[in-house]
K.L.:
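I'd like to ask some things about the structure below.
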Amino acid sequence: MTGLSTGRRPALRERKPPWFRARFPSGERFEEIRLLLRDRSLHTVCEEARCPNIGECFNSGTATFMILGDVCTRACGFCAVTSGRPGAIDQLEPLRLAQSVATLGLDYAVITSVNRDDVTDGGAPVFAACIRAIRHRRPDCEVEVLIPDFEGNHEALQTVVEAGPAVLNHNTETVAELYPRVRPKGRYDRSLELLRRVKEIDPQMLTKSGLMVGLGESVEQLHRTFGDLREQGCDLLTVGQYLRPTPRHLPVARYWHPEEFQALREHALSLGFAHVEAGPLVRSSYHAAEQAAAARARRESASAAREGATPLTA
């Protein structure tokens, strides 16, 4: 697996605040998953994006699979995934992925991808095929997808939604004011529209989005972004600290304190999000299964409360 390499670009050693305590990736389970992925020619965003939680997640038997290759057609200012011209789409990837999920005995799988702006459907049919293949090989496994914006292709989005993922995640990544610098090929309004359209296609589907802090945003801008997401019906939110992967990427404007993350979490919950994960090391798929379960429990509780309410009589 070519995506297992972590030496494509020089790592950046920056002094971080004392509250950063990511576990060094090691252990028998970590090696088992890593070797299985290599054997099946599969990629994980855990490795490609140098996620600080890779040790914790791999050792608990969780991985976020990255499909459609390991070369992205975009070059966002924060992302460590290699950008360039990707190769042909592998139509057998869903089968290998489903086999791996079954071999690992996963109950919850997360699937994301690079951007494939080189194809008109953005690779959406492969997302759908992965969901169906996993459901066939391991029916009890829930599947969450973290999708790109498909350049606004509504048919591509519908293809993924109709495949029935448990959660559909699309990261806003940052506040609208920073898009030209952080996501030059992305559009803030397009990301919001995607989340809104998911609810139009399937009102019961759980939707999720994530943001980074530390790129120069303000608290007020974050609060406004949280509000924008709730207006689209977004159910779940993750907020984590941006970490500069290499000297070629955007610098960290500042490190947010854990108490500030707690304040952001409380504000987001006050807006009606079903569940919010916020902290320095939080990433999109961190505690993904727990987030989905909490959102479903809250939804069921609200439904039961409505059904049990005594109707007003004249």
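The structure displayed is predicted, hence computed values, not measured ones.
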K.L.:
Which atoms form the tightest heavy-atom contact between Leu236 and Cys234, and what is the distance?
P.N.:
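Looking at all heavy atoms of both residues, the closest pair is O-SG, 3.4 Å.
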K.L.:
So, the side chain of Arg190 versus the backbone of Glu193: is there a donor-acceptor pair under 3.5 Å, distance only?
P.N.:
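The answer is no, because no donor-acceptor pair under 3.5 Å joins these two groups.
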K.L.:
Under 3.5 Å, side chain of Arg187 to main-chain N/O of Gly152, donor-acceptor pair present?
P.N.:
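Pair absent, no side-chain N/O of Arg187 close to backbone of Gly152.
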K.L.:
Following the transitive rule for hydrophobic clusters with a side-chain heavy-atom cut-off under 4.5 Å over Ile, Leu, Val, Met, Phe, Trp and Tyr, establish whether Val213 and Leu229 coincide in one cluster.
P.N.:
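Val213 and Leu229: one cluster.
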K.L.:
Can you tell me if Lys208 uses its side chain to pair, donor with acceptor, with the backbone of Ser284 under 3.5 Å?
P.N.:
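Judged by distance alone, yes, a pair lies under 3.5 Å.
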K.L.:
Going by heavy atoms in the side chains, are Thr207 and Val167 under 4.5 Å from each other?
P.N.:
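Thr207 vs Val167: side chains apart.
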K.L.:
Distance from Glu217 atom CD to Arg254 atom CZ, nearest 0.5 Å?
P.N.:
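Output value for this atom pair is 7.5 Å.
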K.L.:
So do the side chains of Leu250 and Tyr242 get within less than 4.5 Å of each other, counting heavy atoms only?
P.N.:
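In contact.
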K.L.:
Using 4.0 Å as the upper bound for N to carboxylate O, is an ion pair formed by Lys185 and Asp117?
P.N.:
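No salt bridge links Asp117 with Lys185.
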K.L.:
Please give me the minimum heavy-atom distance between Ala268 and Phe226, naming the atom from each residue.
P.N.:
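Reported closest heavy-atom pair: CB-CD1, 4.0 Å.
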K.L.:
I'd like to know whether Asn171 forms a side-chain contact (heavy atoms from CB on, under 4.5 Å) with Asn169, so could you lay out the CA-CA distance, the side-chain angles of the two residues, the decisive distance to 0.1 Å, and finally the verdict.
P.N.:
CA-CA 6 Å; Asn171 282 340; Asn169 185 2; 3.3 Å; yes
K.L.:
Show the numbers, then the answer: is there a side-chain contact (heavy atoms from CB on, under 4.5 Å) between Ile147 and Val160?
P.N.:
CA-CA 9 Å; Ile147 63 171; Val160 178; 4.2 Å; yes
K.L.:
Report yes if some heavy atom in the side chain of Lys16 is under 4.5 Å from a heavy atom in the side chain of Pro280; otherwise report no.
P.N.:
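They are not in side-chain contact.
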K.L.:
Quick one, Ile134 and Phe65 - any side-chain contact, counting heavy atoms below 4.5 Å?
P.N.:
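Heavy-atom side-chain distance check fails, nothing below 4.5 Å.
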K.L.:
If you take all heavy atoms of Ala98 and Arg137, which pair is closest and at what distance?
P.N.:
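Residues Ala98 and Arg137, closest heavy atoms: CB-CG, 3.8 Å.
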K.L.:
State whether the side chain of Arg116 and the backbone N or O of Gly69 hold a donor-acceptor pair below 3.5 Å, judged by distance alone.
P.N.:
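Between the backbone of Gly69 and the side chain of Arg116 there is no qualifying donor-acceptor contact (under 3.5 Å).
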K.L.:
State, yes or no, whether a side-chain contact exists between Ile67 and Asp90 at a heavy-atom distance under 4.5 Å.
P.N.:
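No, side chains not in contact.
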K.L.:
Drop me the distance from Arg196's CZ to Asp189's CG, to the nearest 0.5 angstrom.
P.N.:
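These two atoms lie 10.5 Å from each other.
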K.L.:
Between Glu277, His275, His287, which is the residue that forms a side chain to side chain contact (heavy atoms under 4.5 Å, CB included) with Thr238?
P.N.:
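Filter result, single survivor: Glu277.
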K.L.:
Roughly how far, to the nearest 0.5 Å, is the CG atom of Leu168 from the NZ atom of Lys199?
P.N.:
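Between atom NZ of Lys199 and atom CG of Leu168 there are 10.0 Å.
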K.L.:
In terms of hydrophobic clustering (I, L, V, M, F, W, Y; side-chain heavy atoms under 4.5 Å; direct or indirect links), are Met212 and Val175 co-clustered?
P.N.:
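They do share one cluster, since a chain of ILVMFWY contacts under 4.5 Å joins Met212 to Val175.
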K.L.:
Identify which one of Asp228, Thr225, Thr172 satisfies the side-chain hydrogen bond (donor to acceptor under 3.5 Å, both in side chains) criterion when paired with Ser209.
P.N.:
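Looking at Asp228, Thr225, Thr172, the match for Ser209 under the side-chain hydrogen bond (donor to acceptor under 3.5 Å, both in side chains) is Thr172.
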K.L.:
To the nearest 0.5 Å, tell me how far Glu155 CD sits from Gln158 CD.
P.N.:
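It comes to 7.5 Å.
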K.L.:
List the atom of Ala133, the atom of Pro94, and the distance in Å for their closest heavy-atom pair.
P.N.:
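Distance-wise, the nearest heavy atoms are CB-O, 3.7 Å.
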K.L.:
Arg244 side chain to His249 main-chain N or O, any donor-acceptor pair under 3.5 Å?
P.N.:
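Pair found, side chain donor or acceptor close to backbone of His249.
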K.L.:
Apply side-chain contact (heavy atoms from CB on, under 4.5 Å) to Val198 and Leu157, showing your working.
P.N.:
CA-CA 8 Å; Val198 173; Leu157 175 63; 3.9 Å; yes
K.L.:
Using a 3.5 Å distance criterion without hydrogens, assess whether the side chain of Arg138 forms a donor-acceptor pair with backbone atoms of Ala102.
P.N.:
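Pair absent, no side-chain N/O of Arg138 close to backbone of Ala102.
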K.L.:
Which distance, rounded to the nearest 0.5 Å, do you find between the CD of Glu173 and the OG of Ser191?
P.N.:
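One finds 8.0 Å between CD of Glu173 and OG of Ser191.
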K.L.:
If every non-hydrogen atom of Pro86 is compared with every non-hydrogen atom of Gly84, which pair is closest and at what distance?
P.N.:
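Heavy atoms only, the tightest pair is CD-O, 3.3 Å.
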K.L.:
Can you tell me how far CD of Gln99 sits from OG1 of Thr103, rounded to the nearest 0.5 angstrom?
P.N.:
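Result: 7.0 Å between the selected atoms.
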K.L.:
Applying ring-ring contact (aromatic ring centres under 6.0 Å, His included), which residue pairs with at least one partner in residues 144-196 are found, sequence neighbours left out?
P.N.:
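Qualifying pairs: Tyr179-Tyr188.
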K.L.:
Are any non-hydrogen side-chain atoms of Arg224 and Glu177 less than 4.5 angstrom apart?
P.N.:
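Side-chain contact under 4.5 Å: yes.
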K.L.:
Indicate yes or no: at least one non-hydrogen side-chain atom of His223 is less than 4.5 angstrom from one of Leu264.
P.N.:
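Yes; the side chains approach each other to less than 4.5 Å.
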K.L.:
Is the side chain of Ser218 donor-acceptor paired with the backbone N or O of Gln221 at a distance under 3.5 Å, no angle test?
P.N.:
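Checking the backbone N and O of Gln221 against the side chain of Ser218, a donor-acceptor pair under 3.5 Å is found.
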K.L.:
Check whether Ile89 and Val81 end up in the same hydrophobic cluster, where Ile, Leu, Val, Met, Phe, Trp and Tyr are linked by side-chain heavy atoms less than 4.5 Å apart.
P.N.:
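Yes, Ile89 connects to Val81 through the hydrophobic network.
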K.L.:
Answer yes if Leu195 and Leu211 sit in the same cluster of Ile, Leu, Val, Met, Phe, Trp and Tyr residues linked by side chain heavy atoms under 4.5 Å apart, and no otherwise.
P.N.:
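Yes; tracing contacts between hydrophobic side chains, which count when under 4.5 Å, links both residues.
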K.L.:
Does any N or O in the side chain of Ser301 come within less than 3.5 Å of the main-chain N or O of Arg298, such that one atom is a donor and the other an acceptor?
P.N.:
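Checked: no pair found.
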K.L.:
When hydrophobic residues are tied together by side-chain contacts of less than 4.5 Å, even through go-betweens, does Leu237 share a cluster with Leu215?
P.N.:
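Yes.
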K.L.:
Can you check whether Ala289's main-chain N or O pairs, donor with acceptor, with Glu144's side chain at less than 3.5 Å?
P.N.:
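Judged by distance alone, no pair lies under 3.5 Å.
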K.L.:
Indicate the atoms forming the closest heavy-atom contact of Asn115 with Cys72, along with that distance.
P.N.:
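In this case the closest contact between Asn115 and Cys72 is N-SG, 3.4 Å.
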K.L.:
Could you check whether any side-chain N or O of Ser83 sits under 3.5 Å from a backbone N or O of Ala75, counting only pairs where one atom can act as donor and the other as acceptor?
P.N.:
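Between the backbone of Ala75 and the side chain of Ser83 there is no qualifying donor-acceptor contact (under 3.5 Å).
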K.L.:
Does Glu260 form a side-chain contact (heavy atoms from CB on, under 4.5 Å) with Val239? I'd like the steps, not just the answer.
P.N.:
CA-CA 11 Å; Glu260 294 179 289; Val239 185; over 6 Å; no
K.L.:
Do Tyr255 and Leu243 have side chains that get closer than 4.5 Å, going by heavy atoms?
P.N.:
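SC-SC contact between Tyr255 and Leu243 confirmed.
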